[in-house]
Amino acid sequence: MFKFKIQEGLKVIQPGQLVEFPVAQIRGDFPILQRIVHNKPLIYFDNAATTQKPRSVIDTITNYYTSYNSNIHRGVHYLSQLATDDYEKARKIIQKFINAGSSDEIIYTRGATESINLVAATYGRANLKSGDEVLISYMEHHSNIVPWQIICEQTGAKLIVAPIDDNGDIILEEFNKLLNDRTKIVSIVHISNSLGTINPIKEIIDRGHRYGAVVLIDGAQSVQHAKIDVKTLDCDFFVFSGHKIYGPTGIGVLYGKRAILEKMPPYQGGGDMIKSVRFERTIYNDLPYKFEAGTPNIVGAIGLGEAIDYLHSIGIEAIANYETRLLNYATHVISEIPGVEIIGKAKHKSSVISFVIVGIHPHDIGTMLDVDGIAIRTGHHCTEPVMHRYGIPATSRASFAFYNTFEEIDYFAESLKKVIKMFS
Amino acid sequence: MNEIQELYQQVILDHNKNPRNFGAIEHPSHFAEGHNPLCGDHLDLYMNIEEGIIKEVRFNGSGCAISKASASVMTTILKNKTITEAQELFKSFQEAVTSDTETLIDEINLGKLAVFCGVREFPARVKCASLPWHTLINALEGKQESSIEIQSENHGK
Ligand SMILES: Cc1ncc(COP(=O)(O)O)c(C=O)c1O
């Protein structure tokens, strides 16, 4: 007879997870994880803020400055050619990473923030007029709120905000009701940095298109956790930051559909973004250079390409699978601690846990954990409207990456219990 | 005592749990609002000052243990102090919490405020401890309407 064997705990290996994730080996790739903080081994649970860098990315940066630093697109000399080649090779790596149709659709920026500002300042300014609407959600990062507020103020368009429910899910019926013929831009976060909610972006994109709106997806928290395919998604813009996917700071990506990018006016003027300059008339460069004025973050781009190669070497699906196990385990362990309330209980979540403890301010929790070597984030996480929605000033947030372990989560839970004991 | 016990001394934990002079004054002669955007701490400070002497002082608001205890301890020592004495206290307090950890602190002179010396070890928390004091100075200077924004590394990625 066929019999189920009930096993205890959440570390049970389930079918499909038969291959153990090589976390010990992976941790060896990240030099900073060997660090001691306040005489304790570092436990880095602030991955939604920024991720640590693997040795290969660090070496790539060092190697660039040590052996071929030079400016790109403007020299006939050997080093300039090497730098240009690697800078453009990274663009192709990024293109494949998100399955864009062409590397011309990959524009380098300083990060997700600049990518959104670019779209607001160019597409937004050219296409919005009084009475038009820009639709966002209640769980947006400030970088997906303020640029739209600025452009709405300048054009007379209106910013419309779709509500979320107590679990931290967008209320889709309400979202749908807010869409109409005046909606010109829909800009929505794929995964919320403060709640962990994974939004149904395919549905949102299709809905937006039905009303003729262009749809921007803020992927700052999603490219590192899930396979992204901009062609299948059919989004018009997709943005993310290099530093949140194990690459350097100061580099980010704007993906845009070619037809839309071609019609957009340039963002900044300067070198590299022009074909020819006359005082009577300047001819702008082709994509993607039209949007890349000035000397860019060359090593940032090359380092980002390397970070993506590193992710591929582990496999984004294996990463997603392991991070889901970390999330489930941590959710279970933290929920068991009396007094702890998790904020953000969406059905589909990424490895982010925001929580509050009755009577203990997040700032005090953060300091106490820090002394135990645990880095978490406390505050409003640049999502003040989310905090207002829940009527709290701030949360504590633990966010996990694939180099974190179940043991670290256990230690974190013990440390949390100590905090509660001390303040009770 | 280790660093953390130094920071969260028993006195601080007690004032956090049972803040003294907590609540509003209906018609205060002096009032100011303090706000620390980094952690969302918010503080309303109410005073009745007669002929240069602080007769009554109360506070309201929400914040971390350090800022709440700092406000509570502050209110207990300000009563019946002159405005000049209050300003002097502000100076010694600021000096104590911002001095580098090597500097010896005159704890006797600081009196009850000495419990906040542990804050020096935690640069990120100095603003929490100073918020009530900055709010006090604003109130004394008659900046009733103004809310002080302690500039901080307010990101929140
Ligand atoms: C959801 C989300 N969007 C946008 C951003 C902005 O990213 P960056 O600061 O790298 O530009 C962040 C980073 O905190 C984020 O979490």
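Order of the sequence lines sets the chain letters (A, B, ...), proteins ahead of strands, with each chain counted from 1.
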Proximal component of A:M368, with respect to chain B [non-hydrogen, under 4.5 Å]: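 The answer is both parts of A:M368.
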Could you look at A:S399 and say if it's the side chain, the backbone, both or neither that has a heavy atom under 4.5 Å from chain B?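 Neither part.
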Between B:I66 and chain A, which part of the residue has a heavy atom less than 4.5 Å away: side chain, backbone, both or neither?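 The answer is both parts of B:I66.
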Check each atom of B:K68 against the heavy atoms of chain A and say whether the ones under 4.5 Å are side chain, backbone, both or neither.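 Neither part.
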Ring center gap for A:F45 and A:F400 short of 6.0 angstrom: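 Judged by ring-centre distance (under 6.0 Å), A:F45 and A:F400 do meet the cut-off.
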Ring centres under 6.0 angstrom apart (A:H142, A:H380):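 Under 6.0 Å, so yes.
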For atom CG of B:N18, is the number of surrounding heavy atoms from other residues, nucleotides or ligands below 6.0 Å larger than 12?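 Yes.
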Can you confirm whether A:R389 is buried at CZ, in the sense that more than 12 heavy atoms of other residues, nucleotides or ligands lie under 6.0 Å from that atom?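 Check passes, neighbour count above 12.
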